[in-house]
Amino acid sequence: MLRLSWEQFELLEQLAARRHAVGIGTVLAGAWPEITERLQDRWPAFVEAAVAQGRRHGLAAPPDLARYASLWCIWGPSFDSRPGFEWAAEILGDHRRGASLKLHQLAHRTRDELRRRQTTPSAQAGGAQAPTPEQLDAALASVDARIGPLSAARSVFPDEAVQVAARPCDVGSVDLLLGDPDDLQEYRHGGAGWHRTPVPRSSDPPLRWTHAPDGPFALAVASRALRQGPPARLNVRVETLEVCDPKVHPEVVHVGVEGHLAWRGRDASRLSLAVYAEADTRGDGPSPAGIGATTPVDAQTLTIASHGVRDTGAPFGDIHIELRVVPATQWLAEVTHAAVAPMSWPPDGPATAVPARCRLERDGTAFAAAGWQRAWDGLQGALRQGFERAWNDWVRVFPVSSAGLVADISPLVGQAGFTWGWRRTATDAVAIRVEGAVDMIAVACDVTVNGELVDGDARAQVRLACKSRHELRMGVS
């Protein structure tokens, strides 16, 4: 492997520049023989100065430098810095225009100027009779045909890509409108309990661009998974100024759940794209992780592109949109929990438990809630185990024959319901919506524990009592 220092690399680039200048001079001499004849020994310096000025304007590829130097042959040295050529300075100084676009627009404006000057035969350019637009096109075609192979042969790095002259191909405007899924509903709590109500459709106005956004653009989308109902739709309309090939441009590419989808030419002018969310592969398996549990945002992309070449003005630019897609799934969890039967020690019979009732629903369809049911049913068992440990600690001090414990305690008695799901909150943002209604007794307890302490002839009766009640009635939003 050959490794070069920065100094060595700069020397190689200088060598390549000199080689390309010689090659460009040879090509231009064939395309503009009159200029070569007139300049004689000054011809190499003229070409080197044109190439150096082109590099200062950000032109690097030999075909671009050769086209720029060709304009020197028409307008004279440093024409773009002289009065009357402000149009050239504007084109070359616009960072939004790439090298190919700059050369295309310079040539286009030159043709217009040459046509105008044809009406004044006495007009001179660079000390010589101005060529006709047809002569300009013939000279540029000759330069383009010869410069590619010659620059490749003289390149220090032979894998440099050979550029071709740009053709007009650009977008004029893009209209974008996001449509929400049909029949989208959310759970709401009312006097008769929980019910599903339609979600108001988005009121966002259509987006219209006459040039690509200056920075990254994101669009939030709440949609359904494939084959789980109507999805969100992204309506796209692309108006073009000109196209290089109606089968190629404009190009619209959507990378999402369905893979990499592309539309080109006329097929891309009017589109209604289905934007699907990631499918929930759980089926009737495990329940959600909990109330308000989120799912990852699926980052999809939409790209609208053309060659970005037009005769005048800055190019439209490529549009890159990040689609932040989330499932529009809405969940509802309800639980009804009855009071726990009083417990006593020493036990006077087998323990009894009253099971809770859990219901989990997804978009109006019952969903498996076995895990949530087990958790609520386990609450009563955990409560009994806790008092069992307290009883064992008590009888280490007080004889069992004189001790007793009675616990009438009920945690979370009543009913509660919660709903949650993604909601679109802004053009580029989504948030988890959580709403709940709780009507429960947080805890109601009446606990009594007693025993007798004996020390010789002395006896003491000990009795501890605790009563408490706390209610939990609230709305959550």
Side-chain angles (χ1 to χ4, degrees), residues 171 173-186 199 201-209 212-240 247-283 285 288 293-306 308 316-331 362-363 420-433:
V171 171
S173 65
V174 172
D175 295 278
L176 207 66
L177 177 63
L178 178 64
D180 293 326
D182 293 335
D183 302 327
L184 196 61
Q185 294 183 322
E186 291 178 344
V199 178
R201 299 187 69 85
S202 173
S203 59
D204 291 350
L207 296 171
R208 181 174 177 80
W209 291 311
D214 295 331
F217 184 83
L219 190 62
V221 183
S223 187
R224 294 190 174 99
L226 185 64
R227 291 186 288 275
Q228 290 187 9
R233 304 199 75 89
L234 192 59
N235 300 300
V236 183
R237 183 172 66 181
V238 182
E239 298 287 349
T240 57
K247 296 181 180 179
V248 176
H249 284 118
E251 181 183 52
V252 177
V253 177
H254 176 213
V255 180
V257 172
E258 296 178 285
H260 186 287
L261 303 177
W263 297 264
R264 295 181 177 89
R266 295 184 182 88
D267 293 338
S269 61
R270 301 288 189 277
L271 290 172
S272 181
L273 308 179
V275 183
Y276 291 102
E278 284 280 1
D280 186 349
T281 58
R282 291 175 300 187
T294 62
T295 52
V297 176
D298 182 25
Q300 304 182 18
T301 59
L302 181 72
T303 304
I304 303 172
S306 68
F316 184 92
D318 292 347
I319 293 180
H320 301 279
I321 302 174
E322 178 190 357
L323 301 177
R324 299 171 180 172
V325 186
V326 295
T329 305
Q330 300 295 309
W331 293 89
R362 180 178 67 181
D363 290 332
W420 68 96
W422 285 110
R423 171 189 279 180
R424 189 167 179 263
T425 57
T427 300
D428 60 349
V430 290
I432 284 289
R433 164 188 170 265

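Side-chain contact between H260 and V253: present, with at least one pair of heavy atoms (C-beta onward) separated by less than 4.5 Å. The shortest distance between side-chain heavy atoms of R424 and L178 falls below 4.5 Å. Counting heavy atoms from C-beta on, the side chains of L219 and T427 come closer than 4.5 Å. For the pair L273/L302, a side-chain contact is recorded, criterion being any heavy-atom separation below 4.5 Å from C-beta on. L234 has its side chain within reach of L176: a pair of non-hydrogen atoms, C-beta onward, lies under 4.5 Å apart. Residues V171 and S306 form a side-chain contact, since some pair of their non-hydrogen atoms from C-beta on lies under 4.5 Å apart. With a 4.5 Å cut-off on side-chain heavy atoms, V430 and R324 do not count as touching. The side-chain heavy atoms of W422 and T294, taken from C-beta on, include a pair separated by under 4.5 Å.
How far CD of Q330 is from CG of L184: 6.5 Å, rounded to the nearest 0.5 Å. How far CG of N235 is from CG of L177: 5.5 Å, rounded to the nearest 0.5 Å. The CD atom of E186 lies 15.5 Å from the CH2 atom of W331; values are rounded to the nearest 0.5 Å. Distance check: H320 NE2 to T303 OG1 gives 5.5 Å after rounding to the nearest 0.5 Å. To the nearest 0.5 Å, the span separating CG on D267 from NZ on K247 amounts to 11.5 Å. Here CD of E258 is found 6.0 Å from CG of L226. Values are rounded to the nearest 0.5 Å.
Residues forming a salt bridge (Lys or Arg N to Asp or Glu O under 4.0 Å) with E251 (at least two apart in sequence, or on another chain): R264. Taking Q300 as the reference, H254, D298 meet the side-chain hydrogen bond (donor to acceptor under 3.5 Å, both in side chains) condition, with sequence neighbours excluded. For D428, the salt bridge (Lys or Arg N to Asp or Glu O under 4.0 Å) criterion is met by no residue, not counting sequence neighbours.
The environment of CZ in R270 is crowded: more than 12 heavy-atom neighbours from other residues, nucleotides or ligands sit within 6.0 Å.
The nearest pair of heavy atoms linking S223 to Y276 is OG-CA, 4.1 Å. Nearest heavy atoms, A232 versus P181: N-CG, 3.7 Å. Across every non-hydrogen atom of A212 and D318, the tightest pair is CB-O, 3.5 Å. Looking at every heavy atom in both residues, A426 comes nearest to A220 through O-CB, 4.0 Å.
Note on R224 versus D180: no salt bridge recorded, every NZ/NE/NH1/NH2 to OD/OE distance being 4.0 Å or above.
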* When you look at T329 and R362, which way does the side chain to side chain contact (heavy atoms under 4.5 Å, CB included) test go after all the steps? -> CA-CA 7 Å; T329 305; R362 180 178 67 181; 3.3 Å; yes

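The aromatic rings of F217 and W209 sit perpendicular to each other, their planes meeting at more than 60°, with 30° as the lower class boundary.
Between the side chain of R233 and the main chain of G179, no donor-acceptor pair closer than 3.5 Å is present.
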